[in-house]
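Read the structure below first, then the notes.
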Amino acid sequence: MKLILLGAPGSGKGTLAKKITKDFEIPQISTGDMFRQFASEGSELGLKLKSYMDSGKLVPDEVTIEILKARISKDDCKNGFILDGFPRTVPQAEALKSLCEIDSVILVDLAFEEIIKRLVSRRVCPSCGDIDNSEYEGYTGKCRKCGTPLYQRDDDKLETVKNRLEVYEKNTAPLINFYSDRLFKVSSKGTPEETYAPVKTFLSNLED
């Protein structure tokens, strides 16, 4: 089962992907995570990636596709995968067609106002990678798992978030029409569990 998760940054795609991965035993492939790993290495490619990410701009297609091609060729993708953060443009979707056939596309829908509120208050642990939110009950500024002080990623700052949403609206939203024949839309306004319930039912039927 080869899936794509569509939705604006901060709409809850990553959280949804983890639930799908657990229940359907297919890996989540997040280009954002791969980019951040490269960016932290300090290589020439890593520094270039970091400059794109920090300004909220899209990474060039040829770089993204090269990284993705290597990833989906690994053994853990033989039974399928979930693409989270790719494709982001119609040209990327066209390029993806030459790599594999996508079974279904899940659109995670959330108003931009809510997304901005979520992202600007998001905090990350530099030690274990756990994510918290300064608006959540019990927030202390330290990781709930390991106690390390949390920080705000550069791409979660207000101006960058606004820029990321503008980029999404311009480049990624047209994918909704591109994949209209295999699109499943779900609202992420509620809890992660409420968001996942209809998706799980849909995928279970798709598997059958």
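For the numbers below, each heavy atom of this structure counts, side chains included, while hydrogens, waters and symmetry mates do not.
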Under a 3.5 Å distance rule, please check whether [X] uses its side chain to pair with a backbone N or O of [Y] as donor and acceptor.
{"X": "T160", "Y": "D155", "answer": "no"}
{"X": "T148", "Y": "S127", "answer": "no"}
{"X": "T201", "Y": "A197", "answer": "yes"}
{"X": "E194", "Y": "T191", "answer": "yes"}
{"X": "R182", "Y": "I102", "answer": "yes"}
{"X": "S134", "Y": "S121", "answer": "yes"}
{"X": "Q92", "Y": "F86", "answer": "no"}

Yes or no on side-chain contact (heavy atoms from CB on, under 4.5 Å) for L68 and L96, after CA distance, side-chain angles and deciding distance?
CA-CA 9 Å; L68 180 66; L96 181 61; 4.1 Å; yes
Between [atom1] of [X] and [atom2] of [Y], what distance do you get to the nearest 0.5 Å?
{"X": "L5", "Y": "I29", "atom1": "CG", "atom2": "CD1", "value": "11.5 Å"}
{"X": "K170", "Y": "T89", "atom1": "NZ", "atom2": "OG1", "value": "11.5 Å"}
{"X": "R153", "Y": "D54", "atom1": "CZ", "atom2": "CG", "value": "10.5 Å"}
{"X": "L183", "Y": "S104", "atom1": "CG", "atom2": "OG", "value": "7.5 Å"}
{"X": "S180", "Y": "K185", "atom1": "OG", "atom2": "NZ", "value": "13.0 Å"}
{"X": "L16", "Y": "K200", "atom1": "CG", "atom2": "NZ", "value": "12.5 Å"}

Tell me whether [Y] is reachable from [X] by hopping between hydrophobic residues (I, L, V, M, F, W, Y) whose side-chain heavy atoms are closer than 4.5 Å.
{"X": "I4", "Y": "I106", "value": "no"}
{"X": "L206", "Y": "I26", "value": "yes"}
{"X": "L6", "Y": "Y196", "value": "no"}
{"X": "Y168", "Y": "I116", "value": "yes"}
{"X": "V105", "Y": "I176", "value": "yes"}

Are the side chains of [X] and [Y] in touch, meaning some heavy atoms are under 4.5 Å apart?
{"X": "F112", "Y": "K162", "value": "no"}
{"X": "D109", "Y": "S188", "value": "no"}
{"X": "I82", "Y": "M1", "value": "no"}
{"X": "L99", "Y": "K69", "value": "yes"}
{"X": "L83", "Y": "L3", "value": "no"}
{"X": "I72", "Y": "F81", "value": "yes"}
{"X": "T31", "Y": "V59", "value": "no"}
{"X": "V167", "Y": "R88", "value": "no"}

Under the side-chain contact (heavy atoms from CB on, under 4.5 Å) rule, what do L110 and K189 come out as? Steps first, then yes or no, please.
CA-CA 6 Å; L110 188 64; K189 187 176 181 180; 4.2 Å; yes
Which heavy atom in [X] sits nearest to a heavy atom in [Y], and how many Å separate them?
{"X": "Y179", "Y": "A93", "value": "OH-CB, 3.4 Å"}
{"X": "P27", "Y": "R71", "value": "CB-NH2, 4.0 Å"}
{"X": "L119", "Y": "G10", "value": "CD2-CA, 3.5 Å"}
{"X": "C125", "Y": "Y151", "value": "C-CE2, 4.4 Å"}
{"X": "V108", "Y": "S11", "value": "CG1-O, 3.4 Å"}
{"X": "A8", "Y": "K13", "value": "O-NZ, 3.4 Å"}

If you measure from the Lys or Arg side-chain nitrogens to the Asp or Glu carboxylate oxygens, is any gap between [X] and [Y] under 4.0 Å?
{"X": "D84", "Y": "K18", "answer": "no"}
{"X": "D130", "Y": "R144", "answer": "no"}
{"X": "K19", "Y": "E193", "answer": "yes"}
{"X": "D76", "Y": "K74", "answer": "no"}
{"X": "R118", "Y": "E114", "answer": "yes"}
{"X": "D156", "Y": "R122", "answer": "yes"}
{"X": "D103", "Y": "K2", "answer": "no"}

Take K97 and E94 through the test side-chain contact (heavy atoms from CB on, under 4.5 Å) and record every step on the way to the result.
CA-CA 5 Å; K97 287 170 66 177; E94 293 284 3; 3.7 Å; yes
Residues, nucleotides or ligands: over 12 heavy atoms within 6.0 Å of [X] [atom1]:
{"X": "D154", "atom1": "CG", "value": "yes"}
{"X": "E25", "atom1": "CD", "value": "no"}
{"X": "Y136", "atom1": "OH", "value": "no"}
{"X": "E44", "atom1": "CD", "value": "no"}
{"X": "K117", "atom1": "NZ", "value": "no"}

